[in-house]
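To start, the structure itself, in structure tokens.
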Amino acid sequence: MVAEVLVTGGAGFVGSHTVLVLLQNGFKVVVLDNLVNAVSEGPKPEALVRVEKLAKQSVVFYEADLCDSKALDRIFTSHSFQCVIHFAALKAVGESCQLPLSYYRNNVAGTLGLLEAMKKHKVNRLVFSSSATVYGTPQYLPLDEAHPTGQGCTNPYGRSKFFIEEMLADLCRAEPDWQVISLRYFNPVGAHPSGQIGEDPLGIPNNLMPFVSQVAIGKRKELQVYGDDYETPDGTGVRDYIHIMDLADGHVAALERVLGKDPLKGFVAINLGTGRGNSVLEVVAAFEKASGKTIKYKVVERRAGDVATSYADPKLAKELLSWSAKKDILDMCKDAWNWQMHNPNGFRSSENQK
Ligand code: UD1
């Protein structure tokens, strides 16, 4: 029997790439998205239109908000989901400091509404989109899943992911028939190799790779490197960048595990990272190589809340999901550049609609 999966936030960056890989792996996919962060110039968000073309299959799409319990009830009544993959969330760190209640409403209350609907409709398998941000300032490296969470989270976005994980763990303690895998992503970057789908940030990008990409294409004058006096080999921040297609494969591996004959019990958190770190200047150099462009940059003050170094211990994912990342930083830059070149306005049909 073909498993039917509900994907919340399936029109976003990680969501759309995962939907594509799910379709290619034979899953039936239903997407729910409230479109706060997705371009939609027709009945379906553009990212999903392109996913459907790439997969040569269609996706059922609902424009709905997780806080709308009636809409959720209707969707769960119309389908028989075996599992939910939950991406839908707000994710801008700076904005979360200005609008903490929006973040707690959308992320924490939204997840609560989803869990209540799942319980009511007897769907008790979940793959959750978490983040390495739950580890706060690293107490040791590499970061394994036993590292304390919630201490030193510097912003409401990070805390919302931590609170949700606690909520999921409580639920699994109370109701042992639930199976929840929380995937803690490191730094997802890159795009599908076709250049048809990719990351489409609204306004000025907060994250390194989309900013570098916009400098390369001439949309931004220069990159500001946030500090070169960290205790790292070249003084700039080191992160574990992971290719979005590797990340998408990690979700399929998690889904197969929760649906398989030997499912994991209760709440299990698993890192999705490569286990390798790259500095800001290494990313700049790799992007220059991938694009053939010079990336102008200027070193400025450190950014508040940033840590020197963060990278994963990816062993548990290998052990429990038989998954490990395959692509390196050059692949990530090549695919990010390919997407940027073919879609200078992201998913919008023209610049002035941005
Ligand atoms: C950020 C978020 C994290 C979120 C993740 C999603 C913060 C503090 N953390 O992580 O919660 O889960 O994105 O991928 O925002 N950099 C520059 N110039 C720039 C942008 C970034 O030098 O214009 C540097 C940063 O200082 C850092 C590295 O590049 O050393 C990566 O930054 P970024 O892409 O924003 O990711 P994180 O800070 O790791």
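Numbering of ligands and ligand atoms starts at 1, following listing order. The figures that follow rest on heavy atoms only: side chains count, while hydrogens, waters and symmetry mates do not. Everything numeric here is computed off the predicted structure, so don't read it as measured data.
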Would you say Leu208 has any N or O atom under 3.5 Å from an N or O of ligand 1, going by distance alone?
-> yes

Just let me know how Arg303 lines up against ligand 1, side chain, backbone, both or neither, with a heavy-atom cut-off below 4.0 Å.
-> side chain

Is a salt bridge present between Asp170 and Arg173, judged by a nitrogen-to-oxygen distance below 4.0 Å?
-> yes

Is it true that Glu46 and Arg348 make a salt bridge, defined as a side-chain N closer than 4.0 Å to a carboxylate O?
-> no

Closest non-hydrogen protein atom to atom 18 (N) of ligand 1, residue and atom name please, with distance?
-> Gln224 O, 2.7 Å

Given Thr232, Asp306, Thr133, Ile242, which has its nearest heavy atom closest to atom 8 (C) of ligand 1?
-> Asp306

Is Glu175 salt-bridged to Lys119, going by a charged N under 4.0 Å from an acidic O?
-> yes

Output yes when the distance from some N or O of ligand 1 to some N or O of Asn155 is under 3.5 Å, and no in every other case.
-> no

Can you find a side-chain donor-acceptor pair between His192 and Asp335 that sits under 3.5 Å?
-> no

Using heavy-atom distances, let me know which of Phe186, Tyr230, Tyr226 sits nearest atom 19 (C) of ligand 1.
-> Tyr226

First locate atom CG of Leu247, then atom NZ of Lys327, and finally report the distance between them rounded to the nearest 0.5 Å.
-> 13.0 Å

Using the side-chain contact (heavy atoms from CB on, under 4.5 Å) rule, pick out the option among Leu66, Thr8, Thr77 that qualifies with Leu72.
-> Leu66

Protein residue, atom and distance nearest to atom 39 (O) of ligand 1, heavy-atom basis | Arg239 NE, 2.5 Å

Among the heavy atoms of Gly158, does any lie under 4.0 Å from an atom of ligand 1?
-> no

Using a strict cut-off of 4.0 Å, indicate which atoms of ligand 1 neighbour a heavy atom of Tyr157.
-> 11 (O), 12 (O)

Structural part of Phe13 in contact with ligand 1, heavy atom criterion under 4.0 angstrom = neither

